[in-house]
Amino acid sequence: MPFRLQIEATRGAARAGKLITPHGEVETPVFMPVGTLASVKAVSQDTLEELGVEILLSNTYHLFLRPGVETVRRMGGLHRFMSWDRAILTDSGGFQVFSLTDLRKVNEEGVAFRSHLDGSPHFLSPEKAMEAQIGLGADVIMAFDECTEYPADAARARASMELTVRWAARCKNYFEEHKHEVPWSSHQPSAISRQEKQVLRSAQDNNRLYDNRGEAHSQTQSLFGIVQGGMDPELRRESAERTIDIGFPGYAIGGLSVGEPRELTRDIVLSTLDHLPADQPRYLMGVGTPEEIAQYAQSGVDMMDCVLPTRAARHGFLFTSEGKVSIKQARYAQDESALDPACDCRVCQRYSRAYLRHLYASNELLAQVLNTVHNLHFYLATMRTVRAWIRAGHAPAAGASQM
Ligand SMILES: [Zn+2]
């Protein structure tokens, strides 16, 4: 089965369905937890599976520096390296490199930068970013783009958008020539996971399963294009059209959440969505709060990622059905109630606010683990509710009660 978005229900501009990837199906709209260094900070892969995570994001820039792409490639790619059989998306490194304001130099060829770790010099170009992402072997990889800074004047925003379009074409060319080099392609039989081997053993006489396996591993990664254009809806439209002309199996909206007001983010997202193909996945990068991800999913976004739930958790900020809770506050010191009485995660089922507050105040590692589990569960549950709302589109009463 080739990579695709299978749309199963729509409600207004929103759509619910499945993203079919070489490493399993992903229910959409989906929130993707961020595992910067091939690890979602504070939680293990089995916890992510238990939470129902079907796809996670990893950062090429960070893995490029440490442990290095070649190490991951030799270990069979990210899936095998981190023992994660489900889908993965990597970003191109562009966003991180561009946030190294004082450490980078951009020209037509690419970006020279210095590592934030040790100051060592490196270079990323569209071709290098593709080579790195093919070596890492995520299911979905991203074109190398220039993230336009905010604010940017009209000339700067246009020049940046045009550079991103030229780089997108170079990314596609390199990818088409090298996509068979992914570590888990059919040329690499060792990439079959332990779990898959078990499935094969237990179903030796089941030809259908065997065929599916063979098919899955003859697949390649999918390269998404990225729409830029700063905060100008017209430039965004032009960027979308020219990126679609190059031709990708999915499109992302990049360059947002870079310091602009929230309402402006929303306006740009909504106007850009109108210019993206209706039958292909739409990925909004690096956004947002639980309310925002629900709104964007209801507006027709299929995929989102954000460090907010995991980063906030590590700082003691927890998202609940009653609003944001700062668990470090003294008022929770003797609070016996669950963090969120409406939450069915295993943290809220088992522990009191008083205990979570104590763990945080005492700097216990468990505080980071439990806070992250709850926040991720809250984000994933938010998306489950939106999916149910979309699927109930033709039964307004049920839909109303779910939202
Ligand atoms: Zn909870």
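Every number for a ligand or one of its atoms is a count from 1 in the order of the listing.
Ring centroids of Tyr351 and His358 are separated by 6.0 Å or more, keeping the two rings apart. The ring of His23 has its center no closer than 6.0 angstrom to the ring center of Trp84.
Residues meeting the ring pair (Phe, Tyr, Trp, His ring centres under 6.0 Å) test with His178, sequence neighbours left out: Tyr174. Lys41 pairs by the side chain to side chain donor-acceptor pair (under 3.5 Å) definition with nothing, not counting sequence neighbours.
By the 4.0 Å N-to-carboxylate-O rule, Arg73 lies close enough to Glu70 to be salt-bridged with it.
Distances shorter than 2.8 Å separate the Zn ion (ligand 1) from the protein N/O/S atoms Cys343 SG, Cys345 SG, Cys348 SG, His374 ND1.
The stretch residues 248-306 participates, sequence neighbours left out, in no ring-ring contact (aromatic ring centres under 6.0 Å, His included) pair at all.
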